[in-house]
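The structure appears right after this line, and notes come after that.
Sequence lines set the chain letters: A, B, ... in the order given, protein chains first and strands last, and positions in each chain run from 1. Keep in mind that this is a model prediction, so the values were computed, not measured.
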Amino acid sequence: MPELPEVEVTRRSFADRIAGARIASLELGKPLRWPLGCDPASLVGQRVLAVRRRGKYLLLDLEHGLLLLHLGMSGSVMFSAHLGPAGKHDHFSLHTSQGVLRLNDPRRFGAVVFAPNEHSPQAQKLLGKLGVEPLGEDFVLDGFVRALKQRKAPIKQVLLSGDTVVGVGNIYASEALFLAGIRPTTRAVRLSRARVARLHDAIRSVLARAVEQGGSTLRDFSNAQGESGHFQLEAAVYGRAGLPCRVCSTLVRTIRQGQRSTFFCPACQKP
DNA sequence: CACGGATCCTGATGGC
DNA sequence: TGCCATCAGGATCCGT
């Protein structure tokens, strides 16, 4: 469920508080998507140096190696000095000198994976095929145009696949395409440079605004301090099937693409 | 090799 | 403590 903005908001909400903390113990619940990939005892005594983000992954830099954390569809992270005992869906807890970092994930599509370093096979298996960061300076129009020219799939699915640009999930894909005036079913290769330019802007602005607002688009999202977003960013089309478009009042439609729901305004968004 | 479908898992919701 | 189908913010694997 968490897309780039929610992961970034989560990161910011605990990165400074966990930096420098020494790992005291680990507590594992049910299996997540992948095994941890190391002996939990080998992490004890190490310091957490920093928390970075790559796509929808949180990267916890340790003195020797890093932990890659993914929230999957239903994951959320809490970091607090005063966390009670692990609950039913708490499947990973890192007890440190500065608090407990805990991953709650009912569906267990998330993961915590150890890698000896960022370029190791373990890390590259997860990070190696990721596209560019949409909010970074590498997300340039020329590169985006070139990448999309090679893709025959519908633009919505290209955005979701994350190998061209990362971080755009099911909600923000619909929102960005609405902002850009592009029908989600349009094949990427068919988009003119001008329309790709609109999409490039739309992706950046929709994600940047969501980060500023604290991940507010998601109904039940809260950061690692348990604070919710401000709910000031209302979805233009996502979840609004049958309701009037906020721009032209045409009824918003929903379709299925690759077993995911897509929402769009048939009038504002051209094929 | 790009594409599209099946798949992992649990919970919420709504119809009957 | 009703049962069943559908849907949910992700991403990998596999057959074509």
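Ring orientation note: the planes of A/Phe14 and A/Phe79 are tilted relative to one another, at an angle of 30° to 60°. Between A/Phe144 and A/Phe139, the ring planes lie perpendicular to each other; the angle is over 60°, past the 30° to 60° tilted range.
Look at A/Arg108 and you won't find any side-chain N or O under 4.0 angstrom from OP1 or OP2 of B/dT7. A/Lys152 has no side-chain polar atom (N or O) that falls below the 4.0 Å cut-off from OP1 or OP2 of B/dA2. Note on A/Ser261: every side-chain N or O is 4.0 Å or more away from OP1 and OP2 of C/dC7.
Of the candidate nucleotides B/dG4, C/dG10, C/dA8, C/dA8 has the atom nearest to the side chain of A/Tyr238. Here C/dA8 is the nucleotide among C/dG10, C/dA8, B/dG4 with the atom lying nearest to any side-chain atom of A/Arg256.
Counting only N and O atoms by type, the side chains of A/Ser261 and A/Arg256 include a donor and acceptor under 3.5 Å apart. Looking at A/His95 and A/Glu27, their side chains do bring a donor and an acceptor atom within 3.5 Å of each other.
A/Val168 and A/Leu141 fall within the same hydrophobic cluster, where Ile, Leu, Val, Met, Phe, Trp and Tyr residues are linked whenever their side-chain heavy atoms come under 4.5 Å apart, directly or through other members. Residues A/Tyr57 and A/Phe109 fall into different hydrophobic clusters, defined by Ile, Leu, Val, Met, Phe, Trp and Tyr side chains chained together at heavy-atom separations under 4.5 Å.
Rounded to whole Å, atom C1' of C/dA8 lies 8 Å from atom CZ of A/Arg260. The CZ-P distance, from A/Arg187 to B/dA2, rounds to 15 Å in whole Å. Note: NZ (A/Lys129) to C1' (B/dC3) measures 14 Å, nearest angstrom. Atom CZ of A/Phe263 and atom C1' of C/dC7 are 10 Å apart (whole Å). Following rounding to the nearest Å, A/Leu4 (CG) and C/dG10 (P) show an atom-to-atom distance of 11 Å. As rounded to whole Å, 13 Å separates atom C1' of C/dG10 from atom CG of A/Leu126. Atoms CG (A/Leu68) and P (C/dG10) sit 18 Å apart, rounded to a whole Å. In this structure, NE2 of A/His91 is placed 17 Å from P of B/dC8, rounded to the nearest angstrom.
Within the 4.0 angstrom heavy-atom criterion, no nucleotide atom of any strand lies near A/Pro5. Counting non-hydrogen atoms under 4.0 angstrom, A/Ser161 reaches nothing in the nucleic acid. Nucleic acid contact for A/Arg151: sugar-phosphate only, since backbone atoms but no base atoms lie under 4.0 Å from a heavy atom of the residue.
Spacing between C/dC7 and B/dG5 at atom P, rounded to whole Å, works out to 15 Å. Across C/dT12 and B/dG11, the matching C1' atoms stand 23 Å from one another, rounded to whole Å.
In summary, A/Arg52 and A/Glu118 engage in a salt bridge, as defined by a charged side-chain N under 4.0 Å from a carboxylate O.
In the displayed structure, A/Arg253 atom CZ is contacted under 6.0 Å by at most 12 heavy atoms of other residues, nucleotides or ligands. For A/Asp16, the CG atom counts as loosely surrounded, since its 6.0 Å shell holds 12 or fewer non-hydrogen atoms of other residues, nucleotides or ligands. Within a 6.0 Å radius of CZ in A/Arg22, other residues, nucleotides and ligands contribute more than 12 heavy atoms.
Of the two residues contacting DNA chain B, namely A/Gly258 and A/Gln150, the nearest-nucleotide position lying further toward the 5' end is that of A/Gln150.
For A/Gln269, there are no side-chain hydrogen bond (donor to acceptor under 3.5 Å, both in side chains) partners, not counting sequence neighbours.
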The test is side-chain contact (heavy atoms from CB on, under 4.5 Å); show your working for A/Arg151 and A/Ser161 and say whether it passes.
CA-CA 11 Å; A/Arg151 307 294 297 269; A/Ser161 72; 3.9 Å; yes
Between the protein and nucleotides 11-14 of chain B, list every N/O to N/O distance that falls short of 3.5 Å.
residue : atom : partner : partner atom : Å
B/dG11  : OP1  : A/Lys88 : NZ           : 2.9
B/dG11  : OP1  : A/His89 : NE2          : 2.8

Filtered N/O pairs between nucleotides 14-16 of chain C and protein, under 3.5 Å:
none

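The base of B/dA6 lies close enough to the side chain of A/Gln259 for a donor and an acceptor atom to sit less than 3.5 Å apart.
Here A/Lys156 contributes atom NZ and A/Asn170 contributes atom CG; the two are 4.0 Å apart, rounded to the nearest 0.5 Å. Of the inter-residue distances, the one linking A/Arg17 atom CZ with A/Ser80 atom OG reads 7.0 Å to the nearest 0.5 angstrom.
Here A/Phe109 does not pack flat against the base of B/dC9, since the 5.5 angstrom centre distance and 30 degree tilt limits are not both met.
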Its dot-bracket string being built from Watson-Crick and G-U pairs below 3.5 Å, with | for another strand and [ ] for crossing, DNA chain B has the pattern .|||||||.|||||||
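Using a 4.5 Å cut-off between side-chain heavy atoms of Ile, Leu, Val, Met, Phe, Trp and Tyr, A/Leu49 forms no hydrophobic cluster with any other residue.
Within residues 29-37 of chain A, the residues that have a heavy atom under 4.0 Å from DNA chain B are, in order of number, A/Lys30.
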